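Note sheet for the following structure.
Since this is a predicted model, take the numbers as computed values, not measurements. For the numbers below, each heavy atom of this structure counts, side chains included, while hydrogens, waters and symmetry mates do not.
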Amino acid sequence: LELHFLDCCWVPIAPLYPFSVWRDTVLNFAARVVMLLFPLLAAAAASAAAQLYPDPVGPLTPWQIHLAYGEDGAYSSMSVTWSTRQLPPGDPVVKLTAVASGTTQMFTGESTYFVASYGDEQWFHRVSLSPLTAGSEYSYTVGMNGGGNTSDAFTFKVPTEDTSAVFAVYGDMGLVNERSVGLLSQDAEAGRLTAILHVGDFAYNFQDNNGTKGDAFMQTIQPIAARVPYHTCPGNHEEADDFQQYRARFTMPGAGNEQNDNIYHSFDLGKVHVVMLSSEVFFYPDAHGLFLMPTMYKWLEEDLKAANANRDNVPFIITMAHRPMYCGPNDDEDACHFVTKNPVRTGIFGMYALEPLLYSNGVDIHFSAHEHSYSRAYPMYNYTWYDGEDPYTDYNRTTHIITGAAGCPELQDPWQKTQPAWSAFYANVYGFGRLEVFNGTNMQWSFVNDSDGSVIDSVQFQRHSFGPFPPLELGEE
């Protein structure tokens, strides 16, 4: 169930949203009133949490270890984040060893105390590794330089500017029914992935059971995220307490992130510029919701302008946000089903609309999730599309792909048999996407079926001239 908080600034724009969104707003208001009137419910949940999701480690043992590319760029820096229940003595430290030479370096960082509004307490530790050598492989352990325990060793490889980057792209992965974890862990351990792009909705939900459900989820993905940079943007399941748990748990790079606590960011990797946004700024009246929307939009304008100026070096641009701009009919009333009531696509009162901004900057692919299935559209803009010969060669519109089938306790959102004409492929399966960027003109997109590892959909994107898409004639297809 998607919940929203009733607020004075929310009521005037309610007619712009589908009935289901307004209905859930009222439900959320009622739920929060109940929690205010009965605070003992929170205490009861906290006391039961340890029994449901007990810590598999001691209070001073590092866990929930995950990587992300660092502030100095993907070719020379990496950030490492982990947690301990209590604060060991000293400063957080990463022992880094170059695999080829055996040379060892020690990097220190900072520890941050985290306490949730319902009592969850732990320490998050962050260490920046820089400078690193492009193309080199490193092993590392994490711990504290004054005592406590040390983690197992993990390895990662630093990419180069000429790297043929391979991304795993998915959203909506829960702690329960986490179908994609097995194959992703195999890919990570085998070194087949350059980055993970998780497009919102984690654990279902981070805050449940006094936050221990979030801890268990982060430990579940550690075999993946401790080896492959794990980049994120939030979904509706992260909204609780102004995205408190989400903002605390991740460490994303870049100027965008400095404004917003991991809500949106971008980075270059090989021949692609990656932009991860928050669709939730259009739906929640929080500091990191609606009040962040103008800031995010202005940042996105500037980011895409800079990315376009750099297309001789990094030609492809991909963007992503949790809620789709387009989706075919299924069993719900999400905003993506509506032509005029989807604020992610069309904005609020015509302001801050994302689709025109992506189109005017020639974005190649826009990924989303939220619908627990898979679909790929033809290149399209404002419900006009091209489905002729070789539609993904020298295209003049953005391709929209929904990859929200990684597996969660809400199961699937099966598509109906009849899909709109702009839908090129759709499937009701569990799985995740794989985007391989070969060079400055070719990318390959595939969707992997979790049941047997087979590729059920694949298409090659080929583009020879980059920049903003040309203006379309009204009704052009």
Side-chain angles (χ1 to χ4, degrees), residues 73-75 134 159-169 193-195 197 266-277 300-320 325-326 354-368 375-403 421-425 433-447 455 457-477:
Y75 315 122
T160 70
E161 293 186 21
D162 296 322
T163 290
S164 295
V166 181
F167 301 89
V169 190
L193 299 173
T194 320
L197 306 176
S266 68
F267 62 99
D268 291 337
L269 186 56
K271 298 301 181 183
V272 64
H273 181 67
V274 180
V275 185
M276 304 194 75
L277 304 167
L300 181 59
E301 284 184 311
E302 296 172 352
D303 184 83
L304 292 178
K305 180 179 179 181
N308 262 296
N310 191 39
R311 287 190 111 151
D312 286 345
N313 300 309
V314 184
F316 289 110
I317 300 175
I318 62 173
T319 60
M320 58 211 70
M325 297 189 194
Y326 299 94
L354 293 186
E355 188 182 32
L357 189 56
L358 304 191
Y359 177 79
S360 65
N361 283 279
V363 170
D364 298 278
I365 305 175
H366 180 74
F367 294 103
S368 58
S375 70
R376 168 175 55 84
Y378 290 109
M380 64 187 301
Y381 173 68
N382 195 28
Y383 283 92
T384 66
W385 63 94
Y386 178 73
D387 59 359
E389 186 177 359
D390 296 330
Y392 301 99
T393 297
D394 293 325
Y395 40 87
N396 61 357
R397 301 163 176 86
T398 301
T399 296
H400 292 258
I401 294 175
I402 297 176
T403 174
W422 48 258
S423 177
F425 187 94
R434 186 183 290 132
L435 180 69
E436 186 169 1
V437 185
F438 299 114
N439 50 46
T441 58
N442 292 272
M443 300 188 295
Q444 183 81 25
W445 167 255
S446 306
F447 190 79
V455 173
D457 181 40
S458 183
V459 64
Q460 185 164 353
F461 291 82
Q462 188 174 71
R463 190 174 180 186
H464 299 93
S465 178
F466 292 89
F469 292 135
L472 290 175
E473 298 289 337
L474 185 62
E476 179 184 343
E477 295 188 4

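Side-chain contact between Asp268 and His273: present, with at least one pair of heavy atoms (C-beta onward) separated by less than 4.5 Å. Counting heavy atoms from C-beta on, the side chains of Met380 and Met325 never come closer than 4.5 Å. Side-chain contact between Phe167 and Val274 is present, with heavy atoms from C-beta onward closer than 4.5 Å. Using a 4.5 Å cut-off on side-chain heavy atoms (C-beta onward), His366 and Tyr326 make no contact. Inter-residue side-chain proximity for Arg311 and Ile317 is flagged as met; some heavy-atom pair is nearer than 4.5 Å. At a threshold of 4.5 Å between non-hydrogen side-chain atoms, the residues Leu197 and Leu435 do not count as touching. Leu300 is listed as a side-chain neighbour of Leu354, based on a closest heavy-atom distance under 4.5 Å.
Rounded to the nearest 0.5 angstrom, Met443 CE and Ile318 CD1 are separated by 7.0 Å. A distance of 10.5 Å separates CG in Asp390 from CD in Gln460, rounded to the nearest 0.5 Å. Taken from CG in Leu358 to CD1 in Ile365, the straight-line distance is 12.5 Å, to the nearest 0.5 Å.
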Task: Criterion ring pair (Phe, Tyr, Trp, His ring centres under 6.0 Å) on Trp445 and Phe367, from CA distance to verdict - done: CA-CA 11 Å; Trp445 167 255; Phe367 294 103; 5.0 Å; yes

- [ ] Before giving the answer on side chain to side chain contact (heavy atoms under 4.5 Å, CB included), spell out for Lys271 and Asp162 the whole-Å C-alpha distance, their side-chain angles and the decisive distance to 0.1 Å.
- [x] CA-CA 7 Å; Lys271 298 301 181 183; Asp162 296 322; 4.2 Å; yes

- [ ] Show your working on side chain to side chain contact (heavy atoms under 4.5 Å, CB included) between Arg397 and Thr384 and close with a plain yes or no.
- [x] CA-CA 9 Å; Arg397 301 163 176 86; Thr384 66; 3.6 Å; yes

TODO: I would like to know whether Thr398 and Phe469 meet side chain to side chain contact (heavy atoms under 4.5 Å, CB included); could you show each step before the answer?
DONE: CA-CA 9 Å; Thr398 301; Phe469 292 135; 3.7 Å; yes

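Residues Ser446 and Val455 share a closest heavy-atom pair of CB-CG1, 3.8 Å. Minimum heavy-atom separation, Pro391 to Pro379: O-CG, 3.3 Å. Contact detail for Ala421 and Asp387: the closest heavy-atom pair is O-OD2, 4.5 Å. Closest approach of Val363 and Thr319 over heavy atoms only: CG1-OG1, 3.6 Å. Closest approach of Pro159 to Ala134, counting heavy atoms only: O-CB, 3.5 Å.
Applying the ring-ring contact (aromatic ring centres under 6.0 Å, His included) criterion to Tyr392, with sequence neighbours excluded, gives Phe461. Remark: Tyr378 pairs with no residue by the ring-ring contact (aromatic ring centres under 6.0 Å, His included) rule, at least two apart or across chains. Annotation: side-chain contact (heavy atoms from CB on, under 4.5 Å) contacts of Asn361 (sequence neighbours excluded): Leu304, Asn308, Leu357. Looking at residues two or more places apart in sequence or on another chain, you find a ring-ring contact (aromatic ring centres under 6.0 Å, His included) between Phe466 and Phe316. Partners of Pro356 under the side-chain contact (heavy atoms from CB on, under 4.5 Å) rule, at least two apart in sequence or in another chain, are Ala353, Tyr381.
Without hydrogens or angle criteria, Gln444 side chain to Phe438 main chain gives no donor-acceptor distance under 3.5 Å. In this structure, the side chain of Tyr359 engages the main chain of Pro470 through a donor-acceptor pair within 3.5 Å.
The closest side-chain donor-acceptor pair between Ser164 and Glu436, if any, does not fall under 3.5 angstrom. Using a 3.5 Å distance cut-off with no hydrogens or angles, the side chains of Asn439 and Thr441 do pair a donor with an acceptor.
Legend: salt bridge (charged side-chain N to carboxylate O under 4.0 Å, His left out) pairs involving residues 460-470, not counting sequence neighbours, sorted by first then second residue: Asp364-Arg463.
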